[in-house]
Amino acid sequence: MGNKRKFKSEDKALKSSPVEVIAEDVSSHPLCLHGPTLLFSNEKGRFYACSLCRSKKDCTVHISEEDWQNEGVKKRNEKYNNLITKVNKSEAWKRHNEIKSQHPSNRAYCITCEELYIIHQTKKHNKDHRVVTPLTDEQLSHPTTWLPALENDTVEAQYLFSKKSVGTILSVLKKNNIKNILCIGTPSIHEAVSSRQDFTSLLLDYDKRHAQFHPPNKYVYYNMFNNYLFNGREDEKLLKMFMKESSDSGLCIVMDPPFGGRVEPLIQTLKDLTETYKSVNKDFTDQLLPVVWAFPYFSEPYIKNMEPEIKMHDYQVEYENHKKFQNKTSKGRKNGSPVRLFTNLPTSSIDLSHDKNYKLCEKCKVYVSLSNNHCNKCGECTSKNGTTYTHCFACKRCVKPTFFHCKTCERCCQRKDHKCRTVVESQSCFNCRETGHKKADCPQLEPAPGSAKKRRKHA
Ligand SMILES: C[S@@+](CC[C@H](N)C(=O)[O-])C[C@H]1O[C@@H](n2cnc3c(N)ncnc32)[C@H](O)[C@@H]1O
Ligand SMILES: [Zn+2]
Ligand SMILES: [Zn+2]
Ligand SMILES: [Zn+2]
Ligand SMILES: [Zn+2]
Ligand SMILES: [Zn+2]
Ligand SMILES: [Zn+2]
């Protein structure tokens with residue numbers, strides 16, 4: 001499962017065409033089958049497109065900002081109000097209970113039709129269908145352990161945490177006295193705590209198969225890129241209730257978005273969820289809700305720029321079903337998994353004392369990979385990608401071992417295929433060409449009306 005897919009490496013990410021997402025309230029945007037679209041901007045202009053599908057083939061809605069002013073276009077887009085699907089959670093749960101009342105050998109799940117059924121009740125699932133049977137109670141309550149990942153890799157991208165990673169994440173929450181978890185795209189965390197007394201959780205996920213395995217008040221059919229609840233009001237009430245009940249015992253968002261997902265809409269979602277939390281817990285301070293977010297290390301500049309409180313920790317998140325994302329001591333990638341934990345909880349609360357791949361940096365007071373060295377010049381443990389960085393005195397910073405200081409370019413450059421005076425322009429600011437921020441946030445420019453920077457200033 002998932003082996004066809006190539007991870008978008010840092011270099012590939014740098015070569016992809018530059019497009020910004022304008023982080024803003026999406027409620028007045030055109031709709032597609034996945035809820036409100038996002039406003040994108042590239043060198044040709046600004047346009048609305050799907051928040052979830054990365055390929056135009058999967059979702060064709062594409063409306064320029066100018067066309068969206070046209071009443072006819074607005075009228076035509078209204079059809080999506082009726083086309084967006086909901087999930088019938090109570091029906092699905094009723095079915096689950098009927099199936100559970102049967103002996104495991106009578107229980108089955110058809111992968112082709114994505115449904116649970118009782119064997120002797122239907123002949124619909126013939127030999128062309130992929131069927132899983134028998135099903136134990138344990139399998140019914142832990143579907144991620146046996147449900148195959150959804151096929152469309154450009155949309156759902158499902159990779160499960162290893163048991164060790166689940167344990168690490170839960171221990172961080174414990175250290176911070178957090179008992180309530182909003183699991184966004186993290187069904188294995190949700191399942192791991194489902195029978196525990198010390199945590200409660202609510203799963204928010206786009207994979208609606210979960211409705212057949214979790215009670216209606218434990219699962220929400222959700223799009224994390226536009227904070228869209230497909231079942232509308234009913235689930236908004238549920239989410240608010242969960243937030244209200246968690247006010248005394250700590251709430252944390254634990255999210256693991258599909259790889260390649262954009263940072264801007266995810267940060268916007270965290271802010272929107274924080275606003276919802278504040279609307280039901282009036283005395284909550286102005287900060288962002290606690291979050292533990294699994295994401296590739298090379299997204300750090302974007303996250304840091306948009307939300308400096310969210311820090312990257314050196315812990316390498318391991319996955320069950322992906323060789324490349326396992327630790328370097330196993331068969332995986334040379335430098336280990338590229339996925340790290342980003343969090344606004346104190347990084348010193350991530351205790352890896354039991355893990356031989358990490359050491360405590362006495363100066364940073366944080367656990368780091370054995371290969372990560374503390375640089376006294378930079379004042380921190382500087383490695384990001386799992387290799388040992390070296391300090392460049394000219395650039396006054398630590399760089400990857402694959403870099404060298406080029407005197408002609410007057411900066412550190414990738415050693416391989418270096419051509420002097422060429423700059424990788426994509427993924428950097430359209431204006432000043434620096435990485436780490438987008439044009440809308442460029443410190444050299446006045447903020448455009450409605451830009452993220454402008455809105456933040458006036459917030
Ligand atoms: C990379 S996997 C993470 C799974 C996680 N590591 C675990 O073990 O539970 C991404 C998860 O996000 C869900 N997902 C994908 N796109 C989503 C979206 N737009 N909104 C909400 N959930 C989404 C997938 O169904 C999947 O559960
Ligand atoms: Zn769409
Ligand atoms: Zn079937
Ligand atoms: Zn250090
Ligand atoms: Zn250094
Ligand atoms: Zn240098
Ligand atoms: Zn050069």
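Fair warning: this is a prediction, and the values are worked out from it, not measured in the lab. Read the numbers this way: they start at 1 and go in the same order the structure lists the ligands and their atoms.
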Do K179 and D248 pass the salt bridge (charged side-chain N to carboxylate O under 4.0 Å, His left out) test, and can you show the C-alpha distance, the side-chain angles, and the key distance before you say yes or no? CA-CA 9 Å; K179 296 200 168 50; D248 294 333; over 6 Å; no
For the Zn ion (ligand 4), find the closest N/O/S atom belonging to H374 and write down its atom name. ND1
Students often mix this up, so state it plainly: with edges at 30° and 60°, are the rings of F259 and Y159 parallel, tilted or perpendicular? tilted
Using the Zn ion (ligand 5) as the vertex, how large is the angle between SG of C378 and SG of C398, rounded to 10 degrees? 120°
Should the pair F404 and H418 be assigned to parallel (<30°), tilted (30 to 60°) or perpendicular (>60°) ring geometry? perpendicular
Within C375, is some N, O or S atom less than 2.8 Å away from the Zn ion (ligand 4)? no
Pick out which of L204, L203, D256 makes a side chain to side chain contact (heavy atoms under 4.5 Å, CB included) with P187. L203
Ring-face cation of K174 near F199 (centre distance under 6.0 Å, axis angle within 45°): yes
Among the N, O or S atoms of H391, the one nearest the Zn ion (ligand 5): ND1
Just the protein N/O/S atoms under 2.8 Å from the Zn ion (ligand 6), please, no waters. C392 SG, C395 SG, H405 ND1, C412 SG
Once rounded to 10 degrees, what value does the angle at the Zn ion (ligand 4) take between SG (C361) and SG (C364)? 110°
Can you list every pair that meets side-chain hydrogen bond (donor to acceptor under 3.5 Å, both in side chains) and has a residue in residues 341-350, with sequence neighbours left out? N176-S349
Measure the acute angle between the ring planes of F47 and F40, then classify it against the limits of 30° and 60° as parallel, tilted or perpendicular. parallel
Parallel under 30°, tilted from 30 to 60°, perpendicular over 60°: which one fits the rings of Y315 and Y358? tilted
